[in-house]
Amino acid sequence: METIERYTCAAMKLDDLRREKARLKDEVIPAEVKQALSEIDEEFEPLEREAQKELEDAQVEVVKAVLERGQSIKGSTHMAVYRKPSVTWDTELLEKLSQKYPEIDLARKVGNPSVAIRLNK
């Protein structure tokens with residue numbers, strides 16, 4: 001329990017430092033500059049929204065093309081990588097079958113455990 005609390009303290013400290021840094025930056029920016037930045041944001045917002053839509057549409061086309069071809073495609077800057085479908089097995093059924101056919105256990109591999117750190121809900 002002590003290690004997770006140490007992690008929490010470190011995460012909170014970093015978050016606090018980032019917030020304080022942002023607050024101090026905000027304090028030193030004159031109102032005129034803030035207004036100018038806001039106007040720039042407003043000007044670019046519809047342009048960015050349109051560009052995002054173009055990107056999403058192009059992505060749909062690329063994915064479709066790669067899936068139809070069944071192979072990766074490479075452009076001058078980006079590459080769309082085709083991955084073969086993954087194969088899954090019914091673990092519960094195989095464990096039951098392995099009781100009757102122990103040879104099935106020869107194909108069994110157990111990976112290492114993993115850890116995910118997340119915020120409590």
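Asp16 places none of its side-chain heavy atoms less than 4.5 Å from the side chain of Lys13. Using a 4.5 Å heavy-atom cutoff, the side chains of Lys21 and Leu17 are not in contact. Side chains of Glu20 and Leu24 form a contact here, defined as non-hydrogen atoms less than 4.5 Å apart.
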**Study point:** Stepwise side chain to side chain contact (heavy atoms under 4.5 Å, CB included) test for Thr8 and Glu5
**Key:** CA-CA 5 Å; Thr8 298; Glu5 294 308 324; 4.3 Å; yes
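Between the side chains of Glu48 and Gln52, no donor N or O sits under 3.5 Å from an acceptor N or O. Checked by atom type, the side-chain pair Gln99/Glu95 shows no donor-acceptor distance below 3.5 Å.
Atom OH of Tyr82 sits in a crowded spot, with more than 12 heavy atoms from other residues, nucleotides or ligands closer than 6.0 Å. Taking a 6.0 Å sphere around NZ of Lys34, one finds it holds more than 12 heavy atoms contributed by other residues, nucleotides or ligands. Around atom CZ of Arg6, no more than 12 heavy atoms belonging to other residues, nucleotides or ligands sit under 6.0 Å away.
Linking ILVMFWY side-chain heavy atoms closer than 4.5 Å, directly or via other members, places Tyr101 and Leu94 in a single hydrophobic cluster. In the hydrophobic clustering of ILVMFWY residues, with side-chain heavy atoms under 4.5 Å counting as a link, Ile40 and Leu47 come out together. Both Ile73 and Val63 are members of a single hydrophobic cluster when ILVMFWY side chains are connected at heavy-atom separations under 4.5 Å. No continuous path of ILVMFWY side-chain contacts below 4.5 Å connects Val110 to Val87, so the two sit in separate hydrophobic clusters. Residue Ile4 is not grouped with residue Leu119 when hydrophobic side chains (ILVMFWY) are merged at heavy-atom distances under 4.5 angstrom, including chains of intermediate members.
Taking NZ of Lys64 as the start and CD of Glu61 as the end, the distance is 8.5 Å to the nearest 0.5 Å. Atoms CD1 and CG, from Ile104 and Leu93 in turn, are 8.0 Å apart once rounded to the nearest 0.5 Å.
Contact check on Lys53 versus Glu50 returns no salt bridge, with no Lys/Arg side-chain nitrogen under 4.0 Å from an Asp/Glu carboxylate oxygen.
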